[in-house]
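Heads up: the structure comes next, in structure tokens.
Start at 1 with the first residue, then count along the sequence.
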Amino acid sequence: MIASPGRTILYALLVLPAPSIAQLNVLEEDASLTSRWELSDTTQKANFLIRPHKPVYFLPFYWSSDPNEQPTTDNPETSLPVPIPLQPLEFKFQFSFKFKVWRGIFGHNGDLWLGYTQSSRWQMYNAGLSRLFRETNYEPEAILNFRTNVKLLGFRLTMLGGGVNHQSNGRSFYLTRSWNRVIGQVGFERENWAILLRPWMRVKEDIAVDENPRIDEYIGRGDLLVVRSHKGHQISALARHSLDFKRGHASIQLDWAIPVTGYFKAHVQFFMGNGESMIDYNHRQTMVGLGFSLMEWM
């Protein structure tokens with residue numbers, strides 16, 4: 001029942017015409033920070049129109065070096081008392097979008113955006129656990145973004161912004177994980193390069209139980225995204241760090257999107273470190289994924 005619709009969708013994607021070199025150049029131009037965040041008069045679009053946000057991909061083959069069969073925290077109320085038999089190979093997918101709510105809050109500058117990202121890890125090959133969804137993360141956010149135009153070290157500082165972000169896995173009892181953050185963002189670009197720096201601070205909550213103690217020490221207190229696009233290919237590196245260089249933790253994720261036909265791209269993903277998902281925020285592992293993507297970072 002699952003395979004037939006999947007084959008239909010895959011066939012529809014594969015018969016799309018391959019882009020010409022001119023179309024690839026247009027795609028690269030559209031993939032810039034300036035275009036994605038509508039930072040110039042020529043890139044402005046209507047409010048409440050759905051736009052790309054983070055990558056949209058499907059990785060049917062996603063392998064872990066050390067599946068987290070017994071998620072635990074420093075708090076016994078959010079630690080699983082018994083292990084669950086996970087398989088190292090699963091299916092990961094993510095979709096993401098944003099839309100502009102208010103353009104030009106401060107004269108001709110300052111745009112308010114709302115975004116949403118959802119990623120799932122599906123134990124599709126684990127018949128013993130009824131092929132359950134192991135973990136799904138939900139991430140709504142609000143972002144206030146400002147256009148800038150400052151040259152710095154060969155790059156152009158194109159935007160400054162900040163916002164509020166909520167991330168959780170929608171679970172309860174031993175497996176519940178969530179946090180709220182105030183996030184800043186600084187964007188640079190040059191030709192086919194883009195850099196996005198995002199420092200953040202966790203918002204303390206007035207709750208009796210911390211669902212994920214010291215999450216900022218594991219997942220980090222900021223991330224750095226570097227993206228390179230060339231002739232339809234896109235390579236990105238996303239690094240996170242706790243900014244505590246004595247006992248801190250870090251992670252890195254590498255993605256390579258390879259053009260196949262139209263907007264359909266083969267996708268390879270590599271992750272190493274803590275916090276691949278909310279349930280694994282304090283669990284270190286290496287993960288490798290293979291599949292396809294429909295939308296990239298920039």
Side-chain angles (χ1 to χ4, degrees), residues 1-16 18-19 24 27-28 31 52-69 85-97 117-129 131-137 139 169 194 223 225-240 250-280 283-298:
M1 294 179 66
I2 296 176
S4 180
R7 286 198 299 269
T8 303
I9 294 172
L10 182 59
Y11 175 78
L13 292 168
L14 289 173
V15 298
L16 291 174
L24 287 174
L27 288 176
E28 290 187 4
H53 189 25
K54 298 180 182 180
V56 175
Y57 56 74
F58 302 84
L59 307 176
F61 305 102
Y62 195 62
W63 174 85
S64 170
S65 63
D66 183 19
N68 190 9
E69 296 187 325
L86 298 177
Q87 289 192 357
L89 186 64
E90 59 186 7
F91 190 148
K92 178 185 179 182
F93 59 89
Q94 173 176 287
F95 63 87
S96 180
F97 64 89
T117 303
Q118 181 173 320
S119 61
S120 294
R121 291 100 184 134
W122 179 18
Q123 287 273 296
M124 186 177 73
Y125 311 103
N126 195 341
L129 283 182
R131 309 183 194 278
L132 55 76
F133 276 79
R134 177 178 67 86
E135 174 79 349
T136 297
N137 292 168
E139 188 176 3
N169 65 356
D223 60 27
L225 172 68
V226 179
V227 182
R228 164 68 171 169
S229 299
H230 183 64
K231 294 184 178 180
H233 291 258
Q234 186 176 106
I235 297 176
S236 65
L238 178 64
R240 297 193 306 245
S251 67
I252 187 167
Q253 179 176 307
L254 304 176
D255 288 86
W256 181 18
I258 307 164
V260 177
T261 179
Y263 292 98
F264 181 87
K265 297 184 178 184
H267 197 102
V268 180
Q269 184 176 104
F270 171 85
F271 176 90
M272 182 173 64
N274 295 283
E276 193 281 331
S277 66
M278 289 293 292
I279 198 65
D280 298 329
H283 181 74
R284 184 176 179 84
Q285 59 192 317
T286 298
M287 308 192 81
V288 179
L290 178 63
F292 65 93
S293 58
L294 305 178
M295 191 66 63
E296 311 308 324
W297 273 110
M298 307 296 178

Do Leu225 and Trp297 touch side chain to side chain, with heavy atoms closer than 4.5 Å?
yes

Walk me through whether Met272 and Arg284 qualify under side-chain contact (heavy atoms from CB on, under 4.5 Å).
CA-CA 7 Å; Met272 182 173 64; Arg284 184 176 179 84; 4.1 Å; yes

Is there side-chain contact between Thr136 and Trp122, with heavy atoms separated by less than 4.5 Å?
no

Is the side chain of Ser65 donor-acceptor paired with the backbone N or O of Thr286 at a distance under 3.5 Å, no angle test?
yes

Can you tell me how far the CZ atom of Phe91 sits from the CG atom of Leu59, to the nearest 0.5 Å?
7.5 Å

Considering only heavy atoms from C-beta outward, does the side chain of Phe270 approach that of Trp256 to under 4.5 Å?
no

Taking the side chain as every heavy atom from C-beta outward, state whether Lys92 and Met287 have any pair of such atoms under 4.5 Å apart.
no

Is there a donor-acceptor pair closer than 3.5 Å between any side-chain N or O of Arg240 and the backbone N or O of Gly275?
yes

Is there a donor-acceptor pair closer than 3.5 Å between any side-chain N or O of Lys231 and the backbone N or O of Pro259?
no

Rounded to the nearest 0.5 Å, what's the gap from CZ on Phe58 to CG on Leu294? Could you check?
5.5 Å

Hey, are the side chains of Val56 and Phe97 touching, using non-hydrogen atoms and a 4.5 Å cut-off?
no

Give a yes or no answer on whether the side chain of Gln123 reaches the backbone of Leu132 with a donor-acceptor pair at less than 3.5 Å.
no

Can you check whether Ile279's main-chain N or O pairs, donor with acceptor, with Glu135's side chain at less than 3.5 Å?
yes

Leu254 and Gln269: side-chain contact (heavy atoms from CB on, under 4.5 Å), yes or no, with the steps?
CA-CA 6 Å; Leu254 304 176; Gln269 184 176 104; over 6 Å; no

Donor-acceptor pair, Ser64 side chain versus Asp66 backbone, under 3.5 Å?
yes

Of the non-hydrogen atoms in Pro88 and Pro67, which two are nearest, and what is the gap between them?
CA-CG, 3.6 Å

Atom pair CG/CG of Leu129 and Leu86 - distance to nearest 0.5 Å
6.5 Å

For Phe61, look at atom CZ and say whether over 12 heavy atoms of other residues, nucleotides or ligands are found less than 6.0 Å away.
no

What's the separation between atom OH in Tyr62 and atom CD in Glu276, rounded to the nearest 0.5 Å?
3.5 Å

So how far is it from Asp255 CG to Lys265 NZ, rounded to the nearest 0.5 Å?
12.0 Å

At their closest point, which heavy atom of Tyr125 faces which heavy atom of Gln87, and how far apart are they?
O-OE1, 3.1 Å

Which heavy-atom pair separates Asn126 from Pro85 by the least distance, and what is that distance?
ND2-O, 3.0 Å

Is there side-chain contact between Glu296 and His267, with heavy atoms separated by less than 4.5 Å?
yes

Thr117 and Asn137: side-chain contact (heavy atoms from CB on, under 4.5 Å), yes or no, with the steps?
CA-CA 8 Å; Thr117 303; Asn137 292 168; over 6 Å; no

Between Ser120 and Phe95, is there a side-chain heavy-atom distance shorter than 4.5 Å?
no

Calculate, to the nearest 0.5 Å, the distance between atoms CG and CE belonging to Asn169 and Met278 respectively.
6.0 Å

Do Gln94 and Pro55 have side chains that approach each other closer than 4.5 Å (heavy atoms only, starting at C-beta)?
yes

What is the minimum heavy-atom distance between Ser293 and Ala266, and which atoms define it?
OG-O, 4.5 Å

